[in-house]
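Basis for what follows: all heavy atoms, side chains included, without hydrogens, waters or symmetry-related copies.
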Amino acid sequence: MATPSVATGVVHTVPADLKEVLTSNPKLLEKWNDLTPLARNEWICWTTIVKQVETREAHIVRLREELLAGKRRPCCWPGCPHRRPKAKKWFKGMK
């Protein structure tokens with residue numbers, strides 16, 4: 001059986017833990033692949049930029065819940081600092 005295709009973001013690729021969650025639920029994967037590359041990029045960055053494992057796991061759970069609820073971008077997120085230089089001011093240690 002072929003592995004389902006998981007679309008990536010503009011700057012970021014989908015990490016293994018997120019890919020596992022996305023491919024475990026066909027409806028979630030469909031919603032993910034329906035997002036724009038910029039929206040996927042925001043979700044990936046929002047999920048991976050955190051430092052603690054517990055926070056990352058919580059972000060993945062929230063990503064799943066919010067995508068299934070119809071949300072297309074992470075709430076209250078200044079944007080990917082890897083793509084938008086002005087967003088770096090919101091992240092400690094990023095230049």
All heavy atoms of Thr48 vs all of Pro15, minimum pair found to be CG2-CG, 3.8 Å
Any non-hydrogen side-chain atom of Pro37 less than 4.5 Å from a side-chain atom of Glu42? no
Can you find a pair of side-chain heavy atoms, one from Asn25 and one from Leu68, that are under 4.5 Å apart? yes
What distance separates Ile60 CD1 from Glu20 CD, expressed to the nearest 0.5 Å? 9.0 Å
Determine whether Trp46 and Leu28 fall in the same hydrophobic cluster, where Ile, Leu, Val, Met, Phe, Trp and Tyr are linked whenever their side-chain heavy atoms lie under 4.5 Å apart. yes
Could you pull out all residues at least two apart from Arg64 that satisfy salt bridge (charged side-chain N to carboxylate O under 4.0 Å, His left out)? none
Is Trp43 linked to Val11 within one hydrophobic cluster, defined over Ile, Leu, Val, Met, Phe, Trp and Tyr using a side-chain heavy-atom separation of less than 4.5 Å? no
Looking at Trp32 and Ala7, would you say the former's side chain and the latter's main chain have a donor-acceptor pair under 3.5 Å? yes
Grab the two heavy atoms, one from Thr8 and one from Val14, that are nearest each other, plus how far apart they are. CA-CG2, 4.1 Å
Rounded to the nearest 0.5 Å, what's the gap from CD1 on Ile44 to OG1 on Thr13? Could you check? 6.5 Å
Work out which heavy atom in His12 is nearest to a heavy atom in Asn41; give both atom names and the distance. N-OD1, 2.9 Å
Residue pair Arg73 / Glu66: nearest heavy atoms and the distance that separates them: O-OE1, 4.5 Å
Using 0.5 Å steps for rounding, measure from the CG atom of Leu67 to the CG atom of Leu22. 7.5 Å
Could you tell me whether the side chain of Glu57 reaches within less than 4.5 Å of the side chain of Val61, counting heavy atoms only? no
So NE2 of His59 and CD of Glu54: to nearest 0.5 Å the spacing works out to 12.0 Å
Distance (rounded to the nearest 0.5 Å) between Arg56 CZ and Lys51 NZ: 14.5 Å
From CZ (Arg40) to SG (Cys45), nearest 0.5 Å: 15.0 Å
Can a donor-acceptor pair be found, under 3.5 Å and without considering hydrogens, that links the side chain of Arg72 to the backbone of Asp34? yes
Donor-acceptor pair, Asn33 side chain versus Val6 backbone, under 3.5 Å? no
